[in-house]
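Take a look at the structure set out below.
Only heavy atoms go into these numbers, but all of them, side chains included; no hydrogens, no water, no symmetry mates.
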Amino acid sequence: MDFALTDDQRAIQDAARAFAEAELAPHSAKWDEEKHFPVATMKQAAEMGFCGIYTGEEHGGMALGRVEAALIFEELSRGDVATAAFISIHNMATWMIDRFGSDDLRGRFVGDLVGMEKIASYCLTEPGSGSDAAALRTTAVRDGDHYVLNGSKAFISGAGTSDLYVVMVRTGGEGAKGVSAIVVEAGTPGLSFGAQERKMGWNAQPTAIVQFDDCRVPVANLLGEEGAGFRYAMAGLDGGRLNIAACSLGGARLALETAQGYVATRKQFGKPIGEFQALQFRLADMATDLEAARLMVLRGAWAIDTDHPEKTKWCAMAKRLATDVCFQIADEALQLHGGYGYLKDYPMERIVRDLRVHRILEGTNEIMRVIIAREMAKA
């Protein structure tokens with residue numbers, strides 16, 4: 001077992017860290033406060049290759065592995081969790097089109113997505129089918145050279161701003177085998193959006209319902225084959241779960257580093273509180289938990305890169321552990337700041353708010369346990 005990064009991986013990690021420190025971290029608080037979606041900054045990230053990390057090289061992607069993606073997203077999220085998380089979603093949708101789309105579909109869209117000339121959203125969850133994603137009700141009925149879509153998708157990042165929506169729809173019977181995936185372009189008649197959601201965190205990206213009312217989409221925009229969409233969606237989510245876990249790592253790392261700096265200077269009872277052994281032990285536990293989570297994320301990434309038969313289980317384990325543990329680290333870091341941690345002058349409260357949703361999206365952590373238990377039963 002070799003836990004060392006290669007020279008190339010270290011260079012990628014360093015580049016992501018430098019970008020995050022220069023272009024994300026200085027603006028994170030303002031973007032959160034003003035609910036600003038930093039498209040121009042994300043286009044700068046695209047120039048670094050960060051919007052097509054594991055997309056193929058044919059249309060400009062970097063064709064890197066999921067280990068490299070995890071390294072990148074940890075560094076980006078240390079700069080700004082919400083922006084890094086959206087770049088993760090964009091990467092997932094871009095990869096799905098590149099991996100499962102026809103040559104025509106890939107040629108039309110992938111190059112623009114890699115350069116973020118177009119922005120993509122992933123649309124699976126519905127108001128009535130969250131954790132039970134295979135029960136989705138949005139329909140796509142074939143009518144000549146078009147599908148006619150009716151239904152809605154909930155909690156969609158980028159809704160109303162994105163140019164493309166990778167949408168899971170029902171083209172057949174009940175259950176997963178009746179689900180297909182189709183790309184819907186912004187401006188298509190019948191496509192509309194709900195009001196922007198008022199959220200606890202992730203304020204630096206828009207979130208809304210996506211509505212389809214007799215929305216006519218060309219059959220040419222179908223991803224792969226009819227009935228395979230749920231499989232495509234789950235393949236995307238294996239990597240998406242690792243990405244969001246890596247985003248939790250970056251947020252928790254910033255929280256821990258900030259807490260270390262605070263306790264070294266904050267004095268009580270005549271000395272810095274960092275000299276009290278009780279606080280030293282708490283910091284030690286936080287650092288240990290963070291490292292354990294990182295190892296789980298990298299193992300999951302390795303499993304995808306090697307197409308390991310248990311990759312879905314490892315990804316679910318990594319997502320469950322990392323998002324739970326990293327939220328706890330951020331919450332503990334806030335506690336170590338006392339009342340100051342509750343103020344927006346410090347990054348603690350923003351990190352806690354942004355990391356909380358990671359335990360819900362890309363499959364709730366309760367569903368991660370279902371997946372893990374199901375995979376254990378197969379052994």
Side-chain angles (χ1 to χ4, degrees), residues 66 69-70 73-74 77 81-82 84-86 88-89 92 122 124-136 153-157 168 176 197 199-202 205 207 230 233-253 255-256 285-286 288-304 310-334 350-379:
R66 301 307 176 112
F73 284 117
E74 177 177 346
S77 62
V81 171
F86 186 83
S88 160
I89 294 166
M92 179 168 63
Y122 175 91
L124 175 62
T125 299
E126 297 184 358
S129 61
S131 294
D132 186 9
L136 64 88
K153 298 293 181 179
F155 308 119
I156 304 305
S157 292
M168 270 47 73
E197 304 290 1
K199 302 175 301 219
M200 174 181 173
W202 271 26
Q205 54 167 281
T207 305
F230 193 76
M234 294 303 104
L237 279 178
D238 273 348
R241 287 164 180 159
L242 287 179
N243 291 348
I244 217 64
C247 288
S248 289
L249 295 176
R253 197 174 102 217
L256 174 57
D285 285 344
M286 293 159 69
T288 302
D289 290 344
L290 180 61
E291 188 62 28
R294 182 179 293 113
L295 289 172
M296 283 293 293
V297 170
L298 292 175
R299 180 169 185 173
W302 168 85
I304 292 183
E310 294 184 292
K311 62 185 178 184
T312 295
K313 180 180 76 174
W314 293 123
C315 290
M317 285 181 168
K319 195 269 183 182
R320 203 292 301 164
L321 182 77
T323 58
D324 278 347
V325 163
C326 290
F327 174 76
Q328 291 161 5
I329 291 169
D331 186 59
E332 185 75 3
L334 188 154
R350 184 179 71 254
I351 298 170
V352 168
R353 287 188 289 106
D354 283 344
L355 292 191
R356 182 60 183 86
V357 74
H358 294 190
R359 301 166 70 192
I360 297 171
L361 55 82
E362 311 290 37
T364 66
N365 284 4
E366 288 73 22
I367 290 299
M368 295 305 99
R369 293 177 173 91
V370 171
I371 292 170
I372 295 162
R374 185 179 62 210
E375 294 296 318
M376 290 171 64
K378 293 178 182 178

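In this structure, the side-chain contact (heavy atoms from CB on, under 4.5 Å) partners of Ser88, at least two apart in sequence or on a different chain, are Phe73, Asn243. Take Gln328 and apply the side chain to side chain donor-acceptor pair (under 3.5 Å) test, not counting sequence neighbours, and it matches no residue. With sequence neighbours excluded, the residues satisfying side chain to side chain donor-acceptor pair (under 3.5 Å) with Glu291 are Arg294. Under the side chain to side chain donor-acceptor pair (under 3.5 Å) criterion, Asn365 pairs with Lys319, Thr323, Asp324, not counting sequence neighbours. Legend: residues meeting side-chain contact (heavy atoms from CB on, under 4.5 Å) with Asp238, ordered by chain and number and at least two apart, are Arg241, Ile304, Lys311, Thr312, Cys315. Qualifying salt bridge (Lys or Arg N to Asp or Glu O under 4.0 Å) partners for Glu310, counting only residues two or more places apart in sequence or in other chains: Lys313. Residues forming a ring pair (Phe, Tyr, Trp, His ring centres under 6.0 Å) with Tyr122 (at least two apart in sequence, or on another chain): none. With sequence neighbours left out, Ala70 forms a side-chain contact (heavy atoms from CB on, under 4.5 Å) with Ala246, Val297, Leu298. Shown here are the side-chain contact (heavy atoms from CB on, under 4.5 Å) partners of Ala292, two or more places apart in sequence or in another chain: there are none. Scanning for side chain to side chain donor-acceptor pair (under 3.5 Å) contacts around Thr125 gives an empty result, with sequence neighbours left out.
Inter-residue side-chain proximity for Met317 and Met368 is flagged as unmet; no heavy-atom pair is nearer than 4.5 Å.
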task: Step by step, work out the side chain to side chain contact (heavy atoms under 4.5 Å, CB included) result for Phe155 and Leu361.
output: CA-CA 9 Å; Phe155 308 119; Leu361 55 82; over 6 Å; no

task: Please test Met168 against Phe230 for side chain to side chain contact (heavy atoms under 4.5 Å, CB included), starting from the C-alpha separation and ending with a verdict.
output: CA-CA 7 Å; Met168 270 47 73; Phe230 193 76; 5.9 Å; no

query: Taking it one step at a time, do Leu136 and Leu124 satisfy side chain to side chain contact (heavy atoms under 4.5 Å, CB included)?
result: CA-CA 8 Å; Leu136 64 88; Leu124 175 62; 4.0 Å; yes

task: Please assess Ser77 against Leu249 for the test side chain to side chain contact (heavy atoms under 4.5 Å, CB included), listing each intermediate value before the final yes or no.
output: CA-CA 8 Å; Ser77 62; Leu249 295 176; 5.9 Å; no

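Across all non-hydrogen atoms, the minimal contact from Ala333 to Ala255 is CB-O, 3.5 Å. Across Glu362 and Gly240, no two heavy atoms sit closer than the pair OE2-O, 3.9 Å. Scanning both residues, Leu355 and Gly251, for their nearest heavy atoms gives CD1-C, 4.2 Å. When all heavy atoms of Ala293 and Leu321 are compared, the closest pair comes out as CA-CD2, 4.0 Å. Taking each heavy atom of Gly300 and Trp314 in turn, the nearest pair found is CA-CB, 4.1 Å. Of all heavy-atom pairs spanning Ala322 and Ser248, the tightest one is O-CB, 4.0 Å.
Neither side chain, Glu197 nor Thr207, offers a donor N or O lying under 3.5 Å from an acceptor on the other.
A side chain to side chain contact (heavy atoms under 4.5 Å, CB included) with Arg356 is found for one member of Val352, Ile360, Asp354 and no other, namely Ile360.
Here ring pair (Phe, Tyr, Trp, His ring centres under 6.0 Å) pairs that include residues 357-379, with residues two or more places apart or in two chains, are Trp202-His358.
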Review item, side-chain donor-acceptor pairs of residues 370-378, under 3.5 Å, at least two apart:
{"residue": "Glu375", "atom": "OE2", "partner": "Lys378", "partner atom": "NZ", "Å": "3.2"}

